[in-house]
Structures are given as C-alpha cells and as structure tokens.
A.B. asks: 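I have a structure I would like to understand better, so I am pasting it below and will then ask my questions one at a time.
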Amino acid sequence: MILLAFVSNASPRVRDGLVKPIRMACFVFSLLLFVLTTGMFFKYFGEVSWMDIEFNDYEYFVSYAWIDSLGINWTVGLDALSFPMVWLTTFLLPVTMIATWNEKYGATYFPLLLMMGGALIGVFVSLDLFMFYVFWELTLIPMFFLILKWGGADRKYAAQKFFIYTFTASVVMLLGLITLYFLQEPNTLASAGSMTGRSFSIPELIDTARTANVGDNWFLGKTMQNILFVMLMIGFLVKLPAVPFHTWLPDAHVQAPTGGSMLLAGVMLKMGAYGMFRLPLSLFPHALYHFQLALMIIGMVSLVWGAIVCLGQTNLKKMVAYSSVSHMGVILIGIATMQPMGWAAALFMMFAHGIISPMLFAVCGAFKHHYHSMEIGAMRGMAKHSPWLATSMMFAWMASLGLPLLAGFVAEIMMLIALWHMISLDGWSIWWMVGPALVLALTAAYYLWSMQRTIFEGGDETQPPANMVGKIIPDISNPEKFAMLILAFFTILFGIMPWIALDMMDDWTKQIFNGLILFVGKGGA
Amino acid sequence: MSNLKTVEPFGEGFISALCPELILFAGLILLIIVPNLGDGKFRIPGTQTRIPWLLGGKRFKLTSDPRLPSWIAVITIGASFVMTILSFQDGVERTAIVSEGGTQILMINAFSRVFELIFFGALTLAAFASMNRLDVKGIGARVSTEELYNNRRQGDFYILMITCALGMSIVALAQDLFVLFIGLELASFSTYVLVAFFKESKAGTEAGMKYFIVGSVASGVGLYGLSMLYLWAGSLQLDVLAEMFVLSGSDALPMIGIGFVLVGFGFKVSAAPFHFAAPDAYSGASSPVAGVLATASKAMGIVGLLRILLIVAAPESSEEGTVWLVCLGLLSVITMTWGNLAALGSTNPKRMLAYSSVAHAGYMLAAITAIGAWNWDSTLSGDPGEAAVVVLTALMFHLMVLVAFKLGAFLVLSVLESEGGGSRLSSLGGLAKREPFLAVAMFIFMISLAGVPPLAGFMSKLLVIMGIVKVALGDMSEALATGSELGLSDVHWVWWLALAMVINSAISVYYYLRIGVVMFFEEPEEGKTGPLPAGWQVRFAILACLLATVFMGVAGDKILEICEIAAQSFNYNWA
C-alpha cells in the first residue's frame, strides 16, 4: 500500500507527444491497482478475512517513524471501513480513464488522474493524523488543475472557489486535530514524539478514547469532546458536502471535466463521510449523542433541499450535482439514526453512490461531448438519435433514484428501516419520516422529467440543439460504451448481491458499536 | 551556566569560534583589494627605481574581470555558510567572547548558529542569483565609458552584500544591546543602499529613499529606547538587564524604553503598524534584494525581538506582563490580517509577496506572544522551558524554510524582471508555456507559502500552530486525564491566535493560487513570447530553493532536531 501511494504520487508528468504511451502506462498501472485490491478482497494476498476484524484493528498494518520529535509516523492499514473505499478508488480510476479515453492533453491528464487516485488511496489507508491531513490536502492539487485545465467556461472561478472553500474548512479541522493532539496525556502513547510527548497515531488515540469512555467518564470530558467534534465536523461536512456548506459543489461539478467529476463525486465526496467515521464518530461518542439532532437536521435539510433545487435545474450536470448533495444527506441521516443498521446504510450509500454517480457524470460528459450543450431540453428524442447514450442515461437515472435491484435502492431502504427503528425504539416523532418520503417522490419527479424531456419528447423527428442542426452527431464512442457497461454491471451486481460489500460494512458497524460501548451501561447521555 | 567557554579577543580559540565572521571579513578585504590589482609601480623618490606594488595601473586580465567580485562574494558567504554547517557536526560549544573586563560581548551557541545559517544561506543564494541581474557587458572587447561605470559598480554591490551578512551575524551573536544595535545598523545601512541599487527603474531610488528615511526614524526611536534602558540599568548587557527587570521591570522608564526598542525591531520584521515602507521597498528593490529583505532581514528583526522580549523582559508571572502580552497578541492579529487583506488587492506580485511577508510577520508575532504567555501569565502553569522550546523550534524552522520558498519566489520574479516584467501580475502570464520549470517552481513556492502539505511551508505553519496550541492548552491534558470537566473558557486566549492564523492562511490561499492560475492559464503579454532571458546562476539558485522546499517538507526531521537544540540553547535556564 505504501508503495502504491508513493508510486502513484510520483507518476511522471511528461510533456506532449507521448500521449499514447503515457495513457497506456497510466491505464495499465491503475488496472494493476484494481487487480491488486480485488485480489485482496478474494484473499489472494495475505489471506485476509474482511469479516470479524475487531474495531480499531487493521490489516496490512505497517508503521515507520517519519518525524520522530513530533510523533509522526508513516502508518497505513486497512479495515472494513477503508477497504471498500480503496477498492472503489482503484475501480473508478481505470473506468474513468476509459470513459474519457480521448481527453485532450492526455500526457498530463492521465498522470493527474493517477496522482488524484494516489492521494485518495492515501487518505483512506493512512492511520496517522498528520499523514491523513497531508493526503487530504494533496487531493486538492490535482483536482484544482483538472478543473482549471479541462474545465468549462467559468473554470477559474469554480476551481478557486473549490480550493478555497474546502481548504478553509480543512484548516479549521487541522486546528481541531492539533488541539486534540495536545490534549492527550503526555508520554502515555507508544509512538509519542520525543519533543512534544504526544502522538498522531489514530489507532492509539482510538484505543485511549475507548478505555477512557467508561461509565460516566468521557474521553477528554464532555465539553471538550463537543468542541473538537464541531471543529472536525466542519472539515468533513464541507467536504461531504452538506447544506449549507454545499455551494462549492455545483460550481465545481459543472465546470469540471467528466473525469474530474467522476472522481470528485465518486470518491472525493466520500472522503468527508469516511473522515467522520474514522475520527469524530470513533473518538467522541458523547458529542455524537449531543449533536445527534443537529446531524439529523442537517441531513434532512441536505436531502430535501438538494432534491428541491434539483427540480428547478435546467442544467443537466447541475441537477446531478444537487442530487449528490441530496444523497449525501442520506449518509448523514444514516449516521444520525444511531442504529447499526443506519451506519451500515451510510457506508453502503457511500459505496453505491460511488459507483452510480460516476455513471451519472459519465452520461453528462458524453451528452456534453456530443451535443455541446448541458441544457435539459436542448436535445430531444435522444432515444432515436443515440440509443446507447439514451439507454445509459436511463439506466443511470433509474439507479440514482433508487430502483429496486440496483445498488442505490439497498442503501435507501436500509436508511428508511433504520429511521423507523429510531422512531419506534428511541421515541422520535414520526414526522421525521416525512422528509425521506417527500424526497422519494421529488427524486423520481426530477429524474423522470429530465428523462422525458431529453430522451423521449420530440416525436419521430429528433431535435438536436440549435447549434448542431445539420451536422452528423454520432452515438457515444466505444470506450464510453464500455465504461458505461462496466458501471452498469457493478450497479446491478451490488443491487442484487449487496452482501458482497455489505457484510463487511455491517460487521464493521457492529464492531464499532460494541467497541464504543454505546449501549452497555450508558444508554444515551 | 554549564560548560561555558570564554574566549578573549584574539585569545585561544578565537579564530575557530568566529570562523564564519572572519571569513566574511577576509572576503570583504579581498573584495576591496582584488579588483584594484594591476601592474602599478611605485617610484622611490629621488631614484629611478620603480617597485611594483600591484595596486592601480593597468589591471590584470583576471582582476579586471567585472564578474570577479560576484564570485568572491558568493564564495565567501558560501564558505561561511559551510563553516556554520560544519560547526554543527560535533555539537556547538557554547562560547562567549568576553571583553577585558569579563563582560560577555558575543555568544556563540546553537541558537546564533542557526540564525547565521539563515542569513548566510539567504545571502549566498541572493548573491548568486544577482549575477544575472547586474549585467556585465563588454568584457575583453572595447569597453565604453558607460559599460565601464556599470562594470565598476559590481564591486560595490557585493561589498554591501558581505557587510550585510557581517552585520546580521553580529546581531545573532550579540549579548549586549549596544553591540546588537551596531550590527543591526551595519546590516540596515547595507540594505538601504542595496534597495536603491536597482537603478534600472526610478522606483528603485524612490524605494531606497523611503526605506532609508522610515528605517532611520525607526532606528532612531530604537536608539532612544536603548538610551533610556541604559539610564535605568547603567548597562546594556542582556543578563544585567534581565536581572534588573526582575527587580523593577514594571517601572515606567524601562517599559517605555523597551516599547521604543520594539518599534525599531517591529520595523525590521515589518509588523503592522510599522510596515508601510515594506511594500514600497520590496517592489522597488531588485528581486533578489527584496528576497533578502523578506527572509534574512526579517530573521534579524526576530532575533532582536526574541532577545528583548524573552531574555530581558521575561520576569516570572508579573501582572504587568500580561498587558504587554495582550498588546502583542492584538498586534499579531492585526498584522496578519492587514497583510493578507492588502495582498488580496494587489496586482503587483512583488507587492503581494511583501504583504504576504507582513502576514508571516504576524504569524511569528503570534508565536512570540505564545512564548510570552507561557512565561508571564500566571494562569498558565507548567515547565517554562517545555512550551517555549516547542514554539521557538517552530519559529526557527519557519524562518529557515522561509528562505527556501520566499526567496525562491522572488528569484523567479527576478528572471522576469530581467526582461522588464515582474511588477505586473500579467507579466507572469503564460509562464508555464514559456518556461515550465520556472512555472512549476513558482507554483510550488506559492502553495508552500499558502501552507499546503506536504511542502515545507505547511510543516512550518503546522509547527507554529502546534506551539501556540500547546501553550494555550497548558497542562489541561493532565487535568482531563483525571476526569475533570473543562471547556473552551478554560483554554488560554492565545488559542484564538491559532484560530486567527488558520483563518488567515485560508484567506491567503486566494492570492497565492491566483499566481498559479495566471501562470498556467493566461496568455503571455504582448510581444513576450519565447523563452525568458538566460542565466544559469539564478535558475540554479531556484532549483536549490525548490529542492529545499520539498525536502524540508517531507523529511524535515533532521533540521527540526537542529532547531530544537538551538531553541534549548537560547536560554540556558530552560534546558
């Protein structure tokens, strides 16, 4: 894993003229990564069983001293929380490359994608706060360039907004991390730094927190937990993004190139949710109870607001972007239910959305590429004109609105069940169900409406956009078809057999609930 | 005072102790003599015998080469740099140069050595890069008068560079405020002239004048403060002053005196509200000189501030101390915010870097406030050394890496300046197409300034924030471990300085990124296509800066250790 992160970060940025070999090299490399992680899943490497990993226990665990005096270590490892995310990243990398096979300036584009993937993997595997933060910020740089170089007309504004927005949030998170760092009892952890006596190690911190959260004692005390929880959550919520911190997302998505959007929606947004699970939720159970209502409200607002805004969009990509906001609301609600089922739903949502949303953006990208427009209604009668694109679009839209037997449905139904659980077990008001119910209808409405306007309307005579009349517009290219097929295949696979990934997630959430001792003797604070 | 070695001037061990300074001195003399060597003869009066005495006359081919002074300067300062590094190899021995009366004048320890490293490193790079800026024309061929004048000023420029280095290292070594002041003035006067040396534009002269006037007013005020301190204590020895301060530090006289001295140093670090001359000086001076101002000169001011605030005026827990602290804290927040906001609106990259340098001064003041809080504020408890060492380490690391990326950024602008650009944002346009190496380097310097990991700028900013947070939390971790309930009100107010710093660095990202956007995604200015003016020296210097920026970010462990040792040696009471 170390090697992966290293090599992919050091991938060459060579000048033009070598597009083909570079593209091929990047593609082969990312494919190798994919094979590697898939092999890990099927236990080819190291015989790791992804079930029954104890909470805060990691596979492929490696740790080297990096900066001794501060207690910084190069620590990496995988558990059932991070492994699906790593797999997702390595899966999306080659698919993204295929889908955008003919992107211009390929000699820098593909290495940038690879760098992006390296940084993302780094975020998911790192078990050291310092390293985590380094990779967290490192993901910004390739994405910044992807948007700037290959983006739409308003790309400068979008790229800078994206960078500054998320950077601001993550420096607040950084201050939270440092405060957490110095609140440890000095010289108690094994990997403590020689100068400061504190350690950045995540496993050791979680261990300390677990042993401290006993009875009426809380790790660092209740107030401090709440303060740190808020500081960390600011960083994660902006990344997720949750309303009201979401405004960078539509801009970034609309301007970003297809490949950038696919990775952005597919994996980068999940960094926020992943971070929540990894740090605040594992460390600060009291704060979690304290802010349960707030999380629920933010989740509900994201869900409903995202869907309502979608209804009003005329831009295809913007609509998809807001639907992402809406889906991320599902994750937050899942967390806020405080049910193992809800957390598993959130995890699976991360995963499912990570497969579906790249397909949405791939469709948008192909649409833009062929019709030079993003407006819903600019193109009519696509089913007749480009049956492949129309089919992919229909499939992606259906998957995103939660059609049974597709991956998104599983997560949504689990979230609903968890919500019912919460209402019936913990005595919440039944009115909390209104939001999700409403959104089910809204989501169906905006997707079906946009589909009807682009794919079917127009009768026998198709109506290409005004600026394209009289030109020959081909259907999507073979690489694009191939990418769509792969994405569709996995959407169906995880829709019919969700247990492939769901089992380990479910197991992890059970472990974490046991590990946090939420229900043993505490019963809510 | 354990194992302190005292050396009398020209006594045993004097040469090895002051090796870097002596090299500089020798270089200075060489620079004055060597370009004048020629076949000049001296006729003994009353005879026809002419004795060759080598000065004047028709100069030799080698000594008349106008490129010679620059090489002498680079080699001299570089040699001092290397000697300073070597002195770290088997631990720096604490050595004091004492006068005949036994009072300490200069003190050589790890702390001063680290600062010497910063000064010499910055000046070597700047001198090396300047070789491309002061054009040498007409070598070997017939030389016109104008070219001759131009070539003659080479010597002056590099002599000033060396005196600057000498003055700065005296500041780092001084144990007596008066000696410190002399060093400060030596370095300052050199920089005033260096700023005005950029004769290609009128802005240079104007900037030099402005810088000189404001600077001498600040020095005057500082000197006045010194005289007050002398009146009060009867000595300007640091340790004497420190003892006196414990006895009667809260009197009006020393307070006002120290305040005045702080004004003098505040100007050097370009802290608000004494920063007004800085943007003009930076944008008027040639870029390598501006880089020196932003790195070495600033480090010199910080040494002064540290000496005054932490050695002299650091009584244990006196109530009056907190008043100073709050002032300093406010000043730091104002400085960083002002610098960043002003940088947001500036379209001249050199001015922008100047304002960003003001903002960095704010961060450093915040760090000093944190050390002060640890020492002065009775609400904080704990070992006085521990936190101060962390913050000081951070501060020194910050100054050190600043040389890498801030100077590097100025050097990139220097290349642009050679073709008349550099003072407009648009002149950076299309740099990525014209010279990708420079564009990538500049982008890395910029995001390092903004504090994006894994670069050196991130490490240093992280360390400073860490130091402040450590001070702010004090021994809360022990209290929490025993199960007591603490909230935000229990955190010391310097924690909010860290928050201010964090928010400020988020603001700063905007203008740093803008440079990147212009370089990579905008077209070059009219008629400015094709490669930039040649010059391998400046590119070599930029490469060195680039490597240092990346290296110290990823593997800064060793340097951090050196800084830690240095921080411990700053005040022997802590170690």
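From a predicted model like this one, the values you see are computed outputs, not experimental measurements. Here is how names work: the chains are called A, B, and so on, in the same order as the sequence lines, proteins then strands, and each is numbered from 1.
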A.B. asks: Against A:Leu120, only a single residue in A:Met143, A:Met271, A:Met115 fulfils side chain to side chain contact (heavy atoms under 4.5 Å, CB included); can you say which?
C.D. replies: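 Going through A:Met143, A:Met271, A:Met115 one by one, the side chain to side chain contact (heavy atoms under 4.5 Å, CB included) with A:Leu120 is satisfied by A:Met271 alone.
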A.B. asks: According to ring pair (Phe, Tyr, Trp, His ring centres under 6.0 Å), who are the partners of B:Tyr355, at least two apart in sequence or on a separate chain?
C.D. replies: none
A.B. asks: What part of A:Met173 gets within 4.5 angstrom of chain B, counting heavy atoms only: side chain, backbone, both, or neither?
C.D. replies: neither
A.B. asks: Below 4.5 Å from any heavy atom of chain A, which atoms of B:Met501 appear? Answer side chain, backbone, both or neither.
C.D. replies: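 Neither part.
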A.B. asks: Checking A:Leu174 against chain B: side chain, backbone, both or neither under 4.5 Å from a heavy atom?
C.D. replies: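 The side chain, not the backbone.
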A.B. asks: Checking B:Leu463 against chain A: side chain, backbone, both or neither under 4.5 Å from a heavy atom?
C.D. replies: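 The side chain, not the backbone.
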A.B. asks: Is B:Ile468 close to chain A through its backbone or its side chain, or both, or neither, when contacts mean heavy atoms under 4.5 Å?
C.D. replies: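 Answer is neither: B:Ile468 stays 4.5 Å or more from chain A.
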A.B. asks: A:Ser126 and A:Tyr133: side chain to side chain donor-acceptor pair (under 3.5 Å), yes or no, with the steps?
C.D. replies: CA-CA 9 Å; A:Ser126 56; A:Tyr133 186 78; over 6 Å; no
A.B. asks: Go through the steps for B:Asn340 and B:Tyr511 under the test side chain to side chain donor-acceptor pair (under 3.5 Å), then give the verdict.
C.D. replies: CA-CA 9 Å; B:Asn340 275 323; B:Tyr511 57 84; 2.4 Å; yes
A.B. asks: Salt bridge or not for B:Glu522 and A:Lys156, using N-O below 4.0 Å?
C.D. replies: yes
A.B. asks: Top residue by heavy-atom pair count (under 4.5 Å) with chain B, among A:Ile72, A:Thr208, A:Leu148, A:Val172?
C.D. replies: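 Looking at each option in turn, the highest pair count goes to A:Leu148.
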